[in-house]
Each structure stands twice: as structure tokens, then as C-alpha cells.
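Residue numbers start from 1 in every chain, and the chains themselves are labelled A, B, ... in the order their sequence lines are given, proteins ahead of strands.
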Amino acid sequence: MNNNVGTRPYIWGSWPAGSRFCSCCPGVSVCEQGVCAPPPHHNCPSSAPDVAMVKHFMCCSVLKNSWDQVSTAFWQRYPNPYSNHVLTEDIVFREVTLDNCLISRRLLTKTSRMPRWAEKYFPAHMGRSAYIVEDSIVEPRSQTMTTVTWNISHARLMSVVERCVYRVNPENSGWTEIKREAWISSNLYGLSRAVQEFGLARFKASVTRTMKGFEYILAKMQGDTPARTLAETAKEATGKARETALAATEKAKGLASHAHKKHYV
Amino acid sequence: MSPAANKGGWSAGEMDSVGESCTELKREYDKCFTRWFADKFLKGDSDGDPCDELFKKYQLCVQKAIKDKGIPVDGLEFMGPNKGKPQN
């Protein structure tokens with residue numbers, strides 16, 4: 001079924017969690033060739049998809065209610081005692097398709113809850129509500145409901161994509177099974193890589209200056225007159241160091257902006 | 001038992017709309033939708049949409065509120081982040 005370009009046939013779920021995921025498309029795995037899989041091949045905006053830090057989650061649960069009841073309850077589930085963080089709920093798109101499926105988009109606003117340590121680093125985020133979009137398809141003929149939920153705010157900080165499939169429980173037709181998958185990723189990974197690259201390049205530039213300094217002093221100690229004046233030599237060494245630092249800054253900027261201009265808002 | 005039936009007087013709590021002035025329109029529409037969903041849609045009855053008018057009024061209000069608040073829902077592909085995933 002999946003005609004993969006990779007050297008090994010792709011089996012959904014066989015990629016170990018946290019391994020090769022395309023950083024621009026949450027949940028899309030990257031095969032050995034670096035091509036997004038499974039087909040139809042997604043065209044990655046970046047020419048070389050990074051291996052992003054993505055946490056993958058999968059689980060299955062059962063509700064001891066009929067599929068009809070669950071899909072009806074789905075539209076009435078807010079508010080409930082466990083949803084105090086959900087502030088508003090709106091249907092912003094809805095349509096019955098020609099084959100009698102109901103497609104809807106629900107917009108939720110939630111309080112932006114962060115751990116205490118994150119509040120220090122992102123004080124601006126605290127005041128703002130989080131916006132979440134939930135798209136769904138209800139297919140009464142096949143008794144299947146598929147939902148995809150993801151945050152459209154704070155996404156650079158953390159992106160969570162959840163996909164659920166609600167079906168009649170194969171063991172008990174009066175029950176409903178829910179297959180849930182989630183992909184959690186953070187662009188901060190890209191930012192810390194940029195910081196690392198910059199730090200490394202600046203260190204290298206500093207080493208260049210140090211060695212030049214040594215060479216100069218050693219030459220002087222041995223009575224060798226340096227071929228050029230001190231000012232010229234120092235200027236050259238500083239210039240080289242500055243070039244390296246500039247190149248490093250550009251690379252770091254590139255990495256940081258690459259990390260930023262992604263699927264995430 | 002009809003899924004929408006009130007058992008022992010339970011009634012769904014009510015949420016606010018993101019547009020403060022749209023909350024009443026939203027709740028009116030939600031009531032209509034819940035009845036239509038359970039009694040018609042799930043039973044395969046494609047008779048027509050009795051909630052169409054209410055929905056239009058509600059959407060006029062909420063789409064404006066979304067624009068005013070600058071909420072970036074525009075242009076988002078339906079089931080967007082789900083693209084490329086196999087249907088299981």
C-alpha cells in the first residue's frame with residue numbers, strides 16, 4: 001500500500017518515538033533518504049528536513065456508550081468540571097458534504113498555562129489566551145469520527161497536534177473506541193542549536209586570536225622581528241576573527257530563522 | 001434512549017463565544033444543531049438544514065469578532081496538520 005522511496009517499507013507507528021520526524025510537518029516521518037513519508041510525499045519547504053525533537057504519543061481508550069451518543073456528546077462536552085481552562089467555544093465552519101458527512105471547525109480559547117520556570121522566560125505569553133483549532137469529520141454511514149486538534153498560538157514555543165479516530169468498539173457494538181495520537185514538538189530546539197553554533201564559532205575565532213598572540217610573543221622572545229608591525233598583525237588577526245564571527249552570526253541567524261519560519265505560526 | 005434526551009433534568013452547561021456579543025446567537029444555534037444532529041443527521045436524514053438561518057446570523061457575528069481580535073484562523077487547511085498521515 002505504501003510505496004516508499006526509502007530502503008525499508010514504511011509501517012505506520014514503526015518509527016521509534018522521538019526519532020526521525022520532519023520538523024516542518026508535525027507527525028510526518030522522514031525515511032532514510034530524508035524524504036517525508038508516508039506518500040503522497042509531502043513537499044518539505046526546507047531542502048534538508050532537520051531531525052526535530054518530537055514526542056510521539058499513542059493510546060487507545062473505550063467509552064461504554066454507543067457511537068451515536070459519543071458523537072452527540074462531542075458537541076456538548078464543554079463546559080464540564082474538567083474544562084475550567086476552556087474559556088470560549090465557537091463553530092467557525094460547518095458543512096454537510098454531498099456524501100452526508102459533517103465537517104466542522106471549532107475554535108477554542110484556553111488559558112495559557114505554563115510551568116513556573118517557563119513563565120520567567122516567556123512573560124509575554126502568560127497574559128495571552130491560547131487558541132486551539134479542532135477540525136472534525138463525522139461519517140454516520142461508517143460510524144467513524146476523525147478529529148484533528150492543534151494550537152495556532154504559542155506554536156513556536158510548543159506545538160501539539162492530536163488526531164483521534166472514534167469508532168464502534170469491535171468487541172462491543174454498544175461501546176466506542178478512541179484511537180488517539182499526538183505529536184508534541186518545540187521550536188526551541190532550533191533556537192538552542194543556533195546558540196550552540198554561534199558559541200562554537202565565537203570560540204573558534206577567539207582561539208585564532210589566542211594563537212596569533214602566542215606566535216607573536218614567541219617570535220619576539222626569540223629575537224625574531226615580526227615581519228610586519230604589531231598594528232598590522234593585530235589588525236589581520238582581529239579581521240580574521242571578525243570574519244569568522246560574522247559568518248557564525250549569519251549561520252546562527254539562518255538556523256534561528258529556519259527554526260522560526262516553519263509550519264508553526 | 002435518544003442521545004439528546006435529558007435524563008433527570010440534566011442540561012448542558014453553556015459556553016461563551018469568543019465574541020462577547022455573539023454568545024446568545026451561538027447558544028441559539030447550538031440548541032438547534034444538537035436536536036438536528038441527534039434526531040436527523042445521525043439517522044441518515046438529509047432533509048435539509050433547519051438551523052441554516054441561525055447559523056448564518058451566528059457566523060456573521062463570530063467571524064467579525066475573530067477578525068477584530070486578529071485570531072489567525074484564516075487560510076488554515078482543513079485537517080491541516082493531518083496531511084500525509086495514513087487513514088487507519
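The closest side-chain donor-acceptor pair between A:Thr88 and B:Asp16, if any, does not fall under 3.5 angstrom.
You'll find the side chain of B:Ile66 reaches within 4.5 Å of the side chain of A:Val92, heavy atoms only. Within the 4.5 Å cutoff, side-chain heavy atoms of B:Phe78 are placed close to those of A:Ile137. Put simply, the side chain of A:Trp67 reaches to within 4.5 Å of the side chain of B:Leu42, judged on heavy atoms. Using a 4.5 Å heavy-atom threshold, the side chains of B:Phe37 and A:Val138 count as touching.
Judged by the 6.0 Å distance and 45° axis criteria, A:Arg94 is positioned over the aromatic ring of B:Phe33.
Residue contact with chain A, scored on non-hydrogen atoms closer than 4.5 Å, involves the backbone and the side chain of B:Val18 alike. The contact between A:Val96 and chain B is made entirely by side chain atoms (from C-beta outward), counting heavy-atom distances below 4.5 Å. The parts of B:Phe41 that come within reach of chain A are both its backbone and its side chain, each placing non-hydrogen atoms under 4.5 angstrom from that chain.
Between atom OG1 of residue B:Thr23 and atom CD of residue A:Glu89 there is a gap of 11.0 Å, rounded to the nearest 0.5 Å. The structure places CE of B:Met15 at 7.5 Å from CG of A:Leu108, a figure rounded to the nearest 0.5 Å.
The number of heavy atoms from other shown groups lying within 6.0 Å of CG (B:Asp74) does not exceed 12. More than 12 non-hydrogen atoms from other residues, nucleotides or ligands lie less than 6.0 angstrom from NZ of B:Lys31. Within 6.0 Å of NZ in A:Lys110 there are more than 12 heavy atoms belonging to other residues, nucleotides or ligands.
Between A:Pro79 and B:Glu14, the shortest heavy-atom contact is CD-N, 3.5 Å. In plain terms, the two heavy atoms of B:Met79 and A:Ser136 that are nearest each other are SD-N, 4.2 Å.
With hydrogens and angles ignored, the 3.5 Å screen pairs no side-chain donor or acceptor of A:Gln76 with any backbone N or O of B:Thr34. A donor-acceptor distance shorter than 3.5 angstrom exists from the side chain of A:Arg105 to the backbone of B:Leu76, with no hydrogens or angles considered.
Note: A:Ile91 leads A:Ile91, A:Thr109, A:Val133, A:Leu87 in heavy-atom pairs under 4.5 Å with chain B.
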